[in-house]
K.L.:
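Structure in structure tokens, see below.
Every chain is numbered from 1 and lettered A, B, ... according to where its sequence line falls, protein lines coming before strand lines.
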Amino acid sequence: MHVHPYERMWIRLSAVLLVVFGIAIAVSSLALGVTIPGATPRSVATGLPADATPSQGWVRELGPGRYEVNLVARMWGFEPNVIRVPKGSTVTFYVHSQDVLHGFKIKDTTVSMMAIPGQVGRASYTFEEPGEYLYVCHEYCGLGHHVMSGKVIVE
Amino acid sequence: MANAASYRVPAGDRRLILAYIGIALAHLAVGILLGFMQGMEHAGIDLYKYTFLAHYYQGLSMHGVYNALVFTTFFIAGFLHFAVTHSFQRPMKWPALSWVTFWLMTAGLLMVDWALLTNRASVLYTSYAPLQAHWAYYLGLVLIVVGTLLILANMVATYLAWRRESPGQRTPLPAFGALVTMIMWGMASLGIAVQFIFLLLPWSLGWTDRIDPLISRTLFWFTGHPLVYFWLLPAYTSWYFMLPKQAGGKLFSEPLARLAFLLFIPLSLPVGFHHQFLDPGVSTGYKGIHAFLTFAVFMPSMITAFTVLASLELGGRARGGKGLLGWIRTLPWGDPSFTLQALAMVLFALGGVSGLVNASYNLNLVVHNTMFVPGHFHLTVGTAVALTFMAVAYWLVPYLTGKKLWGRKAAVVQGWLWFIGMAIMSRGMSWAGLMGVPRRTALGQAPYVLPEWLTAFNWMALGGAILTVSGVLFFTVLIMTALRGQPAAEGEVDVPLAEPLEDEAVPTYLDRFRPWVIGAAVLVLLAYGPAVVQLVSVANPVSPGFRPY
């Protein structure tokens, strides 16, 4: 097949561009640790506090500067909707939905995922800067979708 | 095949094509109006209380379904029926089936309309379970999809009949584009066929109690991404095979054009997980494979960018354009059909770039389900596709009705207004998305809205308002054409058919569909098979239906 030399060059450049993008993605996910949710187990995280029920959200300190949050999304709120951690904490979020699809996105972080009934989402993030981090539901979940939010307060 | 451009499609087919396009445009009109209301809502002006709509999300469901499903599907049904009958210069193999198909799709559409208008299906266009709609909504959509498969069957039968009648000839290009579109779509529809018939419909009727939302969602996106190529390929059919003629040029490379189309058959399909990067329960390995394949499907679009632009340059130079960029000025900017498509391409380039961002695996963390995503697809389906279909309507409606286009200048202005309005609205959306604003949200009522977001919301509202003016102008031109258009003389509204620059030999594999279909099936099995087996083996049907709207 005859291909014009300019067009051949264009096709090659396009391919090179995509390879460069692919390398950037590979480096950021494999070497820099910017990861997306995968096939995590579907159980609620272990270590249920004595005063909590499996359908409740809670925050637990695992060790110095390490926290685990079990976050429950339901129409139309998050539980807990305020999370306080000290500056520099690494927080692992386990996200559960109790009714329809929800989303969970913490502004200005790499934490973002879908909350799907029957699945448990997991993401970790280290909060280096103090401040208030808004989190919102980013999947339509019915009439009250737009009121579903909370915040991480880093002190 | 002498004098292809002036071949008249028989009157019965013209009526059928007009009926499809009429239904498509009627729904587009409603869809545009609802888009205007959404823009105003984000700027803090609630127009819903003046209508019968229950709330923002009912309007949003209608906006998505009417614009992205009904307008596209019905317009494509009409346009591709035209492309096939006109290119082959013969009636469809089964003319009666064409009308049966039309009425089946229309019946399905009436069910969808009823459910949406009565707030029984405010589940948005993605129909994500466990949100549950009335069964009539699901059944209506099934009938529409079945209709598209009957169109595919009829087209393939017509193609085979033409092959027998015309040995040794290459498939004429518009029919070739139509066939690629429908064959790809036929394979892609498998996902929602299974999802709607075996999961959603029995569940909404109460025959089954519970559903696995992740499996339902995976089946949706199996179809959901190829669906965008189902919208796009008819626009490409116009850009490659018709627009060069309107620009006074020729198709720069016929073999590469055919190759780009055929590549869409295997590459459109195994990419659905890029909509599910942030789904727990799907392995990162398969997400990575789908990210890679999504990059691959970018290649035929890059070929398109070069070939189509080179074809237009031939036109600009043939019309006296000189120098590096002088040919752009000499293109027929007074012709609405040309202008709309040229502007559609400009914004499509930006849409392609933002699409790459979305598809870039972990970069998706930044933009997933934010306003960045509607910022992207209003450039693609909302401009590349919608503006091109409007451009096609500007010559096809005169061709079908035998009347000259009313208000050519108004039509050109309409195209520019769409271009400007969309550039502004999409800019606002993309910006808002990068600041973390969620999509599909009644932002005007959201208590958490931050002051820094408000300027972007106003961009969206302003862009939406300009788009609405453009929409009103578009419908004015078409309605006035129908009512007041001057009768066209014989040969005055010919079909624009581009000729290839060089009448070179085309390898046989670029004029056959079977190897590409087989390749697509293999690729789908590899990219989806094990992941789907895994999802089904640990199926977790936990969800009853919810109707919180």
K.L.:
Return the option, out of A/Val34, A/Thr110, A/Ile106, with the maximum number of heavy-atom pairs under 4.5 Å with chain B.
P.N.:
A/Val34

K.L.:
Please classify the contact between B/Ala129 and chain A as side chain, backbone, both or neither, with a heavy-atom cut-off of under 4.5 Å.
P.N.:
backbone

K.L.:
Is there side-chain contact between B/Tyr128 and A/Tyr140, with heavy atoms separated by less than 4.5 Å?
P.N.:
no

K.L.:
If you count the non-hydrogen atoms of other residues, nucleotides and ligands that lie under 6.0 Å from CD in A/Glu155, is the total more than 12?
P.N.:
yes

K.L.:
Of the listed residues (A/Gly142, A/Gly38, A/Gly121), which shares the most heavy-atom pairs with chain B below a 4.5 Å separation?
P.N.:
A/Gly38

K.L.:
Within a reach of under 6.0 Å around NZ of A/Lys107, are more than 12 heavy atoms found that belong to other residues, nucleotides or ligands?
P.N.:
yes

K.L.:
Under a 4.5 Å cutoff for heavy-atom pairs, which residue among B/Val437, B/Thr370, B/Thr441 has the most contacts with chain A?
P.N.:
B/Thr441

K.L.:
By a 4.5 Å heavy-atom criterion (distance strictly below it), what part of A/Ile11 contacts chain B: side chain, backbone, both, or neither?
P.N.:
both

K.L.:
Any chance the side chains of B/Thr307 and A/Glu7 put a donor and an acceptor closer than 3.5 Å?
P.N.:
yes

K.L.:
Is chain B contacted by the side chain of A/Val136, its backbone, both, or neither, given a heavy-atom distance below 4.5 Å?
P.N.:
side chain

K.L.:
Taking C-beta and beyond as the side chain, do B/Pro280 and A/Val120 meet within less than 4.5 Å on heavy atoms?
P.N.:
no

K.L.:
Would a 4.5 Å heavy-atom cut-off, applied to side chains only, mark A/Met114 and B/Asn369 as touching?
P.N.:
yes

K.L.:
Does the side chain of B/Leu363 reach to within under 4.5 Å of the side chain of A/Ile25, using non-hydrogen atoms?
P.N.:
no

K.L.:
Side chains of A/Thr35 and B/Thr284: closer than 4.5 Å at any heavy-atom pair?
P.N.:
no

K.L.:
Give, as side chain, backbone, both or neither, the part of A/Met75 having an atom under 4.5 angstrom from any heavy atom of chain B.
P.N.:
side chain

K.L.:
B/Tyr56 versus chain A, heavy atoms under 4.5 Å apart: side chain, backbone, both or neither?
P.N.:
neither

K.L.:
At a 4.5 Å cut-off on heavy atoms, which part of B/Leu60 comes close to chain A: side chain, backbone, both, or neither?
P.N.:
neither

K.L.:
Contact part of B/Phe273 toward chain A, heavy-atom cut-off under 4.5 Å: side chain, backbone, both or neither?
P.N.:
neither

K.L.:
Scan A/His146, A/His138, A/Glu139 and name whichever one has a side chain to side chain donor-acceptor pair (under 3.5 Å) with B/Arg440.
P.N.:
A/Glu139

K.L.:
Checking heavy atoms, do the side chain of B/Val123, its backbone, both or neither come under 4.5 Å from chain A?
P.N.:
backbone

K.L.:
More than 12 foreign heavy atoms under 6.0 Å from CH2 of B/Trp453: is that the case here?
P.N.:
yes

K.L.:
If you count heavy-atom pairs under 4.5 Å between each of B/Glu504, B/Arg217, B/Glu502, B/Arg439 and chain A, which one has the most?
P.N.:
B/Arg217

K.L.:
For A/Ser149 and B/Tyr448, which heavy atoms make the closest approach, and how far apart are they?
P.N.:
CB-CD2, 3.4 Å

K.L.:
Once you round to the nearest 0.5 Å, how far does CG of B/Leu214 lie from CD of A/Gln119?
P.N.:
4.5 Å

K.L.:
Identify which part of B/His55 has an atom lying under 4.5 Å from any heavy atom of chain A, answering side chain, backbone, both or neither.
P.N.:
side chain

K.L.:
Counting C-beta onward and ignoring hydrogens, is there a side-chain heavy-atom pair between B/Leu365 and A/Ile36 closer than 4.5 Å?
P.N.:
yes

K.L.:
Scan side-chain atoms only and decide if B/Ser253 and A/His4 contain a donor-acceptor pair under the 3.5 Å cut-off.
P.N.:
no

K.L.:
If you count heavy-atom pairs under 4.5 Å with chain A, which of B/Tyr549, B/Tyr361, B/Phe277, B/Phe252 comes out on top?
P.N.:
B/Tyr361

K.L.:
Return the CE to CG distance between B/Met302 and A/Leu13, rounded to the nearest 0.5 Å.
P.N.:
8.5 Å

K.L.:
Considering all heavy atoms of both residues, which atom of A/Leu18 and which atom of B/Phe295 are nearest to each other, and what is their separation?
P.N.:
CD1-O, 3.3 Å

K.L.:
Only pairs of heavy atoms separated by less than 4.5 Å count here; which of A/Val100, A/Val3, A/Val95 has the most with chain B?
P.N.:
A/Val100

K.L.:
Looking at B/Lys287, B/Gln132, B/Gln534, B/Gln276, which has the largest count of heavy-atom pairs under 4.5 Å with chain A?
P.N.:
B/Lys287

K.L.:
Side chain from CB out, backbone as N, CA, C, O: work out which of these in A/Ala15 comes under 4.5 Å of a heavy atom of chain B, or both, or neither.
P.N.:
both

K.L.:
At a heavy-atom distance under 4.5 Å, which candidate from B/Gln58, B/Arg547, B/Met299, B/Met435 has the highest pair count against chain A?
P.N.:
B/Met299

K.L.:
Are more than 12 heavy atoms, taken from residues, nucleotides or ligands other than B/Phe292, located less than 6.0 Å from that residue's CZ atom?
P.N.:
no

K.L.:
Between A/His2, A/His145, A/Lys105, which shows the greatest number of heavy-atom pairs under 4.5 Å with chain B?
P.N.:
A/His145

K.L.:
For B/Phe298, which atoms come within 4.5 Å of any heavy atom of chain A: side chain, backbone, both, or neither?
P.N.:
side chain

K.L.:
Let's test your reading of the structure: which of B/Val542, B/Asn362, B/Leu450, B/Asp279 forms the most heavy-atom pairs below 4.5 Å with chain A?
P.N.:
B/Asn362

K.L.:
Once you round to the nearest 0.5 Å, how far does CZ of B/Phe306 lie from OG of A/Ser14?
P.N.:
10.0 Å

K.L.:
Looking only at heavy atoms, which two atoms of A/Ser112 and B/Leu278 are closest? And how far apart?
P.N.:
OG-CD1, 3.3 Å

K.L.:
Let me know if B/Leu510 has heavy atoms under 4.5 Å from chain A in its side chain, its backbone, both or neither.
P.N.:
side chain

K.L.:
Within a strict 4.5 Å, meaning less than it, do heavy atoms of the B/Pro548 and A/Leu143 side chains meet?
P.N.:
no

